[in-house]
Amino acid sequence: MHIGELAERAGMSLRTIRHYDEVGLLVPSGRTTGGFRVYTVGDLERLLVIRRMKPLGFTLDEMAELLRVVDALATADPEGRPALAARLDGYLDDARARHAKLVERAGMAEEFIGTLGTLRASLP
């Protein structure tokens with residue numbers, strides 16, 4: 001698929017996808033003879049991993065490291081898998097902690113909205 005279809009399917013902007021290409025997070029699987037980027041379903045899945053990390057506040061470097069772990073797991077020999085699994089476990093723990101903080105912050109936002117709603121209801 002071309003970048004426009006990838007962007008639409010991922011719900012992301014072309015600019016963001018190009019930026020991810022520039023920094024090496026999402027390199028297209030190929031290019032047309034005219035030089036246009038061509039992406040696969042695997043590329044889309046990789047982009048969706050990146051998109052899911054962003055709201056949790058992972059940096060580009062952290063995203064790149066996790067993607068290296070994921071890529072290595074696909075080809076790792078049995079001896080190398082435990083170390084990669086441990087690194088993946090670290091990301092899983094970190095993602096859970098970041099999610100818990102977001103849930104807490106969302107709760108605070110709901111309380112704030114309730115406070116404003118109560119204040120507004122008391123006015124004519």
Derivation and outcome, side chain to side chain contact (heavy atoms under 4.5 Å, CB included), residues Leu25 and His19: CA-CA 9 Å; Leu25 281 180; His19 176 68; over 6 Å; no
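Under a hydrophobic clustering in which Ile, Leu, Val, Met, Phe, Trp and Tyr are joined whenever their side-chain heavy atoms come within less than 4.5 Å, directly or via other members, Val23 and Val70 fall into the same cluster. Phe36 and Leu26 are assigned to two separate hydrophobic clusters, defined by single-linkage of ILVMFWY side chains at heavy-atom distances under 4.5 Å. In terms of hydrophobic clustering, with Ile, Leu, Val, Met, Phe, Trp and Tyr side chains grouped at heavy-atom distances under 4.5 Å, Val69 and Leu48 are assigned to a common cluster. When the side chains of ILVMFWY residues are joined at heavy-atom separations under 4.5 Å, either directly or via intervening members, Val27 and Leu44 end up in two distinct hydrophobic clusters.
Here salt bridge (charged side-chain N to carboxylate O under 4.0 Å, His left out) pairs that include residues 45-57, with residues two or more places apart or in two chains, are Arg46-Asp71. Listed by first and then second residue, the salt bridge (charged side-chain N to carboxylate O under 4.0 Å, His left out) pairs involving residues 24-39 are Asp21-Arg31, Asp21-Arg37 (not counting sequence neighbours). The list of side-chain hydrogen bond (donor to acceptor under 3.5 Å, both in side chains) pairs with a residue in residues 104-124, not counting sequence neighbours, is empty.
Listed by chain and residue number, nothing satisfies the salt bridge (Lys or Arg N to Asp or Glu O under 4.0 Å) test with Arg81 (two or more places apart in sequence, or in another chain). Remark: Ala97 engages no residue in a side-chain contact (heavy atoms from CB on, under 4.5 Å) (not counting sequence neighbours). Arg98 is linked by a side-chain hydrogen bond (donor to acceptor under 3.5 Å, both in side chains) to Glu62, Asp94, counting only residues two or more places apart in sequence or in another chain. Applying the side-chain contact (heavy atoms from CB on, under 4.5 Å) test to Ala95 and every residue at least two apart in sequence or in another chain returns Leu56, Phe58.
Leu88 CG to Leu66 CG: the interatomic distance, rounded to the nearest 0.5 Å, is 6.5 Å. Note that OH of Tyr20 is 10.5 Å distant from CG of Leu67, once rounded to the nearest 0.5 Å.
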Name each donor-acceptor pair under 3.5 Å that joins a side chain in residues 7-17 to protein atoms two or more places apart or in another chain, with its distance.
from  : atom 1 : to    : atom 2 : distance (Å)
Arg9  : NH1    : Glu5  : OE2    : 3.4
Ser13 : OG     : Thr16 : N      : 3.0
Ser13 : OG     : Thr16 : OG1    : 2.8

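Of all the heavy atoms in Met1 and Val41, the pair that sits closest is CE-N, 4.1 Å.
Contact annotation: the side chain of Ile3 approaches that of Tyr39 to within less than 4.5 Å [non-hydrogen atoms, C-beta and beyond]. Residues Asp43 and Val38 fail the side-chain proximity criterion, which asks for heavy atoms closer than 4.5 Å.
Through direct or indirect side-chain contacts shorter than 4.5 Å among Ile, Leu, Val, Met, Phe, Trp and Tyr, Leu92 is connected to no other residue.
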